[in-house]
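Working notes, beginning with the structure itself.
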Amino acid sequence: MPAGEGMLEGLDGIPARLAETVESFALIDHHVHGCYADPIDRAAFEESFNEASTDPIPAFMTQFDSQPGFAFRRWCAPLLGLERHAPADEYWAARSALAPAELDRLLLPRAGVEHWVMDTGFSLRPITDLAAMAEESGGSASEIVRLELVAESLLAAGTAPDDFAEAFRAAIADAAEHAKGFKTIVAYRVGFDIDWTPPADDAVAAAVGRWAAQAQERPRLADPILEAFVVHAAVALGLPLQVHVGFGDRDLDLHRTNPMLLLPLLRWMNGQGPEVQRTPVTLLHCYPYHREAGYLAQAFDNVYFDVGLGVNYLGAQSRQLIAESLEVAPFAKQLYSSDAFGLPELHLVGSILWRRGMAAALARWVREGEWSEVDACRVFEMIGAENGRRVYRL
Amino acid sequence: MPAGEGMLEGLDGIPARLAETVESFALIDHHVHGCYADPIDRAAFEESFNEASTDPIPAFMTQFDSQPGFAFRRWCAPLLGLERHAPADEYWAARSALAPAELDRLLLPRAGVEHWVMDTGFSLRPITDLAAMAEESGGSASEIVRLELVAESLLAAGTAPDDFAEAFRAAIADAAEHAKGFKTIVAYRVGFDIDWTPPADDAVAAAVGRWAAQAQERPRLADPILEAFVVHAAVALGLPLQVHVGFGDRDLDLHRTNPMLLLPLLRWMNGQGPEVQRTPVTLLHCYPYHREAGYLAQAFDNVYFDVGLGVNYLGAQSRQLIAESLEVAPFAKQLYSSDAFGLPELHLVGSILWRRGMAAALARWVREGEWSEVDACRVFEMIGAENGRRVYRL
Amino acid sequence: MPAGEGMLEGLDGIPARLAETVESFALIDHHVHGCYADPIDRAAFEESFNEASTDPIPAFMTQFDSQPGFAFRRWCAPLLGLERHAPADEYWAARSALAPAELDRLLLPRAGVEHWVMDTGFSLRPITDLAAMAEESGGSASEIVRLELVAESLLAAGTAPDDFAEAFRAAIADAAEHAKGFKTIVAYRVGFDIDWTPPADDAVAAAVGRWAAQAQERPRLADPILEAFVVHAAVALGLPLQVHVGFGDRDLDLHRTNPMLLLPLLRWMNGQGPEVQRTPVTLLHCYPYHREAGYLAQAFDNVYFDVGLGVNYLGAQSRQLIAESLEVAPFAKQLYSSDAFGLPELHLVGSILWRRGMAAALARWVREGEWSEVDACRVFEMIGAENGRRVYRL
């Protein structure tokens with residue numbers, strides 16, 4: 001069975017060529033994580049599709065009663081040998097009967113993703129690496145390096161404050177030899193409403209000194225000067241910079257991750273030489289600020305965005321989100337991602353829902369004569385893979 | 001005629017079991033007000049379905065030319081013996097020919113609400129109480145106590161500043177004997193961007209002293225320290241706390257009622273013992289911040305939300321709002337309300353529009369195979385009544 | 001061929017009378033600019049339908065691959081003798097073969113606009129004036145005066161700081177003899193989060209003194225005191241004040257153009273005598289803050305809004321934006337505009353997309369029985385022309 005067969009079931013009036021494209025075109029998932037390498041229990045499973053909470057799912061409910069829970073039961077249950085919409089208990093029984101790698105091999109290839117651009121940053125549980133993702137999915141994989149993790153490793157290794165700036169630049173220059181880009185989670189650490197002026201090395205040394213002076217088992221970068229420093233150090237190298245925007249866990253102040261608050265950084269970059277000016281900034285997730293993200297993607301030549309994560313979390317209702325992603329941003333400035341983490345269900349369902357949402361929006365525009373079918377297919381391919389291939393130089 | 005018969009007229013393709021559920025299932029309206037007890041004139045009537053303005057409707061227009069005006073003429077006119085979509089003048093003539101209680105008895109039962117959780121707070125006009133609502137609608141009713149009103153009554157009664165904190169705690173502990181929960185309109189008084197640290201009793205006494213020193217005929221609590229105090233006093237009792245969020249009259253700074261600004265309060269509660277941690281916080285209305293509210297309902301086990309008020313004010317266009325409410329919040333964390341106030345049309349149309357909007361969204365997902373029909377019915381029942389029954393211990 | 005014939009092609013189920021109204025009703029475009037008077041090259045053409053960027057379109061993409069690009073190829077190509085959806089190169093070849101005035105005469109009349117209310121403010125290229133717009137389109141035109149331009153002209157003419165306030169008031173009083181209203185681009189210059197208290201004349205003189213002391217070839221008003229001054233001077237005259245809100249080029253801080261930040265100004269106006277209280281404030285564009293704008297249009301008798309600009313930039317996806325515009329604002333408080341600038345494609349496509357979006361939303365509500373067809377036609381006519389005729393006293 002080809003990867004996407006059956007993905008459009010239940011949708012009426014998709015023109016034939018568009019349907020063929022949507023079902024068979026291989027995607028680039030430009031922002032994704034590995035799958036849990038070890039078995040998990042049901043509590044951990046349910047927590048893994050609640051993005052925002054950091055507490056256990058309370059006893060009065062099950063996280064299965066959510067859009068992603070319903071999507072798993074619809075799209076993954078049949079691959080586990082169950083009826084579609086099988087009850088949650090049956091789903092869990094079938095899923096947990098399989099070893100993690102077996103489950104990955106069952107679900108990942110159906111996503112129809114030819115290349116995964118993986119954030120290999122911190123995880124509380126062991127997760128699969130690039131090689132395993134490639135092998136289990138039948139695709140290939142490349143790496144994104146998380147800036148905060150590099151800085152934290154340097155501090156943990158005892159780097160002196162005065163050496164820090166130089167050591168960080170050297171470390172990410174090394175990383176740039178193999179990585180396809182960098183990622184920042186400044187959204188989680190200090191929010192976007194910080195001073196985005198590039199800090200001088202002595203200001204960095206002083207900030208590192210303060211950071212090092214805190215007793216800490218596991219150092220955590222959460223200083224606005226150091227966040228500005230790591231971001232500026234990264235964009236100087238010209239590789240794409242991924243920025244977590246919007247929807248995430250409750251550690252972040254959602255309203256302080258509105259991407260409009262990145263304007264000072266984006267304007268600064270735009271005022272530099274062509275190297276920095278052209279460094280791609282890819283805004284990740286963005287819900288509920290995806291309209292703002294689309295605006296920035298129109299406003300700055302080097303800005304891109306996706307609506308990953310939100311698609312999985314909106315499930316059947318992701319159709320509207322996907323339509324909203326096709327507003328003011330030029331089509332060359334949009335990317336596909338699932339932002340799946342841990343559960344291969346998310347890698348698969350992210351792809352299915354995005355394909356269906358695109359098919360539904362594009363087909364209506366074709367049927368009503370607003371777009372040609374050729375253009376609809378072309379835009380699907382641009383966002384699904386071609387833009388990502390260009391941006392990440394794959 | 002059963003309450004909901006004919007409510008789905010004009011909607012195609014609603015599966016039979018779902019249609020039966022949507023039409024016949026009895027709702028709990030978890031946030032609602034009484035009906036005007038005395039006759040009103042046409043000017044007062046039209047002002048009663050403009051939520052945001054505090055001025056008379058200007059002469060160049062009629063408020064009938066609005067989504068709720070059209071919804072009244074569609075759904076209530078036939079119950080008054082008129083053609084559907086009867087002209088505004090005819091509608092007004094038929095409506096004003098009936099005594100308030102007659103009108104209530106005609107419209108309220110059709111809402112199909114088995115229980116009304118009523119905010120009995122301040123009204124400029126006499127409104128019906130719990131007993132009248134129950135009798136006129138054929139349902140039952142329970143009470144929510146407005147925190148600001150309790151504080152204002154204590155000040156008006158001459159409570160000394162040094163006694164205020166203790167007196168307030170005693171008053172709401174008394175209220176908790178009969179009430180199902182509390183409500184705060186901090187949105188109207190100071191906005192959400194205040195210091196949410198629980199104030200000490202001496203700080204409360206000082207703030208009450210300043211408040212009492214102001215010459216005032218009708219004391220109005222509008223002090224951030226006292227707002228924080230009344231909210232913290234309430235959540236210590238464990239009953240649900242309703243919080244007005246978003247859409248309301250222009251006295252509030254809408255952008256300062258973004259529920260994300262409640263994060264410090266929610267995080268503080270989450271850091272307390274299980275009693276406070278589990279105290280339900282129900283975010284009311286939320287438009288146009290319902291996506292943010294849904295996010296908080298996913299992020300915190302004790303947070304719930306509804307899209308009441310907005311449904312009535314969006315009328316035929318409420319379908320999109322209702323679909324948007326079914327995004328990131330787990331289905332156990334959503335509630336139904338009309339937020340009707342004064343006009344029984346609002347109690348009825350709030351129910352009809354919500355049933356239709358749910359039917360339209362859920363039916364599409366069932367038709368396209370994304371959801372099972374059983375799940376669709378179950379989610380309708382959870383949001384329509386079961387979650388409210390659990391949260392308010394009805 | 002009547003102006004609107006064929007505009008509804010591809011839309012199913014539009015009731016006959018509504019279709020007739022949507023296709024044939026003559027609009028008032030209450031906020032629009034002239035067309036480029038001289039030929040432009042392809043780079044300039046593509047830049048003209050990227051609103052947000054101020055850089056050239058980068059080499060890796062074409063702006064044709066965007067919603068407005070697809071809309072031009074759909075709706076304008078046939079008028080140039082091409083197949084609908086003709087490739088971008090063919091479209092450009094056909095378009096650039098025509099002289100600007102020829103192109104205007106081909107496209108403008110099809111917009112079905114009987115009156116253009118034109119912002120004649122600054123343009124980098126020569127653009128057509130009122131007389132040319134009227135002649136080329138077969139309609140009529142009137143003028144809106146941009147406040148910042150008046151102030152800048154006075155400074156450039158050497159007006160002394162102490163004379164400035166009086167000179168400005170005299171200049172706009174003169175302008176009020178012929179203009180239909182004023183416009184402010186305070187959004188671009190300082191954002192809305194300024195002190196909206198009316199500044200005294202000596203504060204104005206001091207601010208003008210500081211402004212004049214800056215070396216400047218082309219004076220640019222960007223001072224919060226002076227912005228407050230020009231706005232207050234204008235509203236004292238009672239003519240409508242247009243306010244740019246939201247979507248625009250990246251010079252503005254989008255999040256600081258949220259119309260809620262105008263609350264202090266709107267409340268101040270509401271507290272004045274009837275002249276100022278009734279002065280219309282028309283919020284332009286508003287995307288992505290159109291829900292907030294609709295709220296203000298419900299909250300204040302003198303506030304109006306449109307979703308122009310956004311409609312053209314959302315193209316086929318503008319349907320959702322148009323439906324979202326029909327939420328909480330009474331129908332007497334909404335206006336039609338294209339905000340077309342430079343390209344007659346925008347004048348035409350703005351009209352077509354708005355007619356189609358309205359037809360689609362209204363027809364669904366009629367088909368499902370929510371609205372009567374008579375009301376649907378009436379609301380189309382109110383927003384399409386009647387509200388604008390009343391507000392601008394045309």
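The chains referred to below are lettered A, B, ... by the order of the sequence lines, with proteins before strands, and numbering in each begins at 1.
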Item to check | Side chain C:Asn302, main chain C:Val281, donor-acceptor under 3.5 Å | outcome: no
Checklist entry - What part of C:Arg278 lies closer than 4.5 angstrom to a heavy atom of chain B: side chain, backbone, both or neither? => result neither
Item to check | Partner chain B: residue of C:Gly369, C:Ala332, C:Gly294 with the largest heavy-atom pair count (under 4.5 Å) | outcome: C:Gly369
Next on the checklist: Quick check for you: among B:Ser66, B:Gly10, B:Ala316, which has the greatest number of heavy-atom pairs under 4.5 Å with chain C?
Outcome noted: B:Ala316
Next on the checklist: If you define the side chain from C-beta out and look only at heavy atoms, does anything of C:Arg189 sit under 4.5 Å from C:Thr184?
Outcome noted: no
Next on the checklist: Please classify the contact between B:Gln63 and chain C as side chain, backbone, both or neither, with a heavy-atom cut-off of under 4.5 Å.
Outcome noted: side chain
Checklist outcome for this item: In terms of heavy-atom pairs under 4.5 Å with chain B, the winner among C:Arg367, C:Arg378, C:Lys333, C:Met382 is C:Arg378
Next on the checklist: Please classify the contact between B:Phe64 and chain C as side chain, backbone, both or neither, with a heavy-atom cut-off of under 4.5 Å.
Outcome noted: neither
Checklist entry - Looking at B:Arg42 and B:Glu46, does any basic side-chain N land under 4.0 Å from a carboxylate oxygen? => result yes
Checklist entry - Side chains of B:Ser351 and B:Arg355: donor-acceptor distance under 3.5 Å anywhere? => result yes
Anything under 3.5 Å between a donor and an acceptor, one on a side chain of residues 268-276 of chain C, the other on a protein residue two or more places apart or in another chain? List them.
from, atom 1, to, atom 2, distance (Å)
C:Asn270, OD1, B:Arg250, NH2, 2.8
C:Asn270, ND2, B:Asp55, OD2, 3.0
C:Gln272, NE2, C:Trp268, O, 3.3

Item to check | Close side-chain approach of C:Glu114 and C:Arg389, heavy atoms under 4.5 Å | outcome: yes
Next on the checklist: Please classify the contact of C:Trp365 with chain B as side chain, backbone, both or neither, using a heavy-atom distance under 4.5 Å.
Outcome noted: side chain
Next on the checklist: Which atoms of B:Ile352 are under 4.5 Å from chain C, going by heavy atoms: the side chain, the backbone, both sets, or neither?
Outcome noted: neither
Next on the checklist: Under 6.0 Å between ring centres: does that hold for C:Trp354 and C:Phe380?
Outcome noted: yes
Next on the checklist: Please identify, among B:Tyr313, B:Phe60, B:Phe70, B:Phe247, the residue contributing the most non-hydrogen atom pairs under 4.5 Å to chain C.
Outcome noted: B:Phe70
Next on the checklist: Heavy-atom cut-off 4.5 Å, strictly under: side chain, backbone, both or neither for B:Asp251 against chain C?
Outcome noted: backbone
Item to check | Any pair counted as salt bridge (Lys or Arg N to Asp or Glu O under 4.0 Å), so long as it reaches residues 283-295 of chain C, sequence neighbours left out | outcome: B:Glu324-C:Arg291, C:Arg291-C:Glu327
Checklist entry - So which of C:Ser372, C:Ala329, C:Ala361 has the largest heavy-atom pair count under 4.5 angstrom toward chain B? => result C:Ser372
Checklist outcome for this item: Here the gap from C:Leu314 atom CG to C:Tyr287 atom OH, rounded to the nearest 0.5 Å, amounts to 5.0 Å
Item to check | Region of B:Asp249 that comes under 4.5 Å of a non-hydrogen atom in chain C | outcome: backbone
Checklist entry - So B:Arg74 and C:Glu368, salt bridge (charged side-chain N to carboxylate O under 4.0 Å, His left out) or not? Walk me through it. => result CA-CA 11 Å; B:Arg74 163 64 183 93; C:Glu368 297 181 354; over 6 Å; no
Item to check | Heavy-atom contact with chain B under 4.5 Å, split by part of C:Leu326 | outcome: both
Next on the checklist: Taking the side chain as everything from C-beta on, heavy atoms only, tell me whether C:Tyr188 gets closer than 4.5 Å to C:Thr257.
Outcome noted: no
Checklist entry - Contact part of B:Pro56 toward chain C, heavy-atom cut-off under 4.5 Å: side chain, backbone, both or neither? => result backbone
Next on the checklist: Which one wins on heavy-atom pair count under 4.5 Å against chain C: B:Met61, B:His255, B:His85?
Outcome noted: B:His85
Next on the checklist: Below 4.5 Å, heavy-atom pairs only: which of B:Arg73, B:Arg256, B:Glu9, B:Glu51 has the largest tally toward chain C?
Outcome noted: B:Arg73
Checklist entry - For C:Val374, is it the side chain, the backbone, both or neither that has a heavy atom under 4.5 Å from a heavy atom of chain B? => result neither
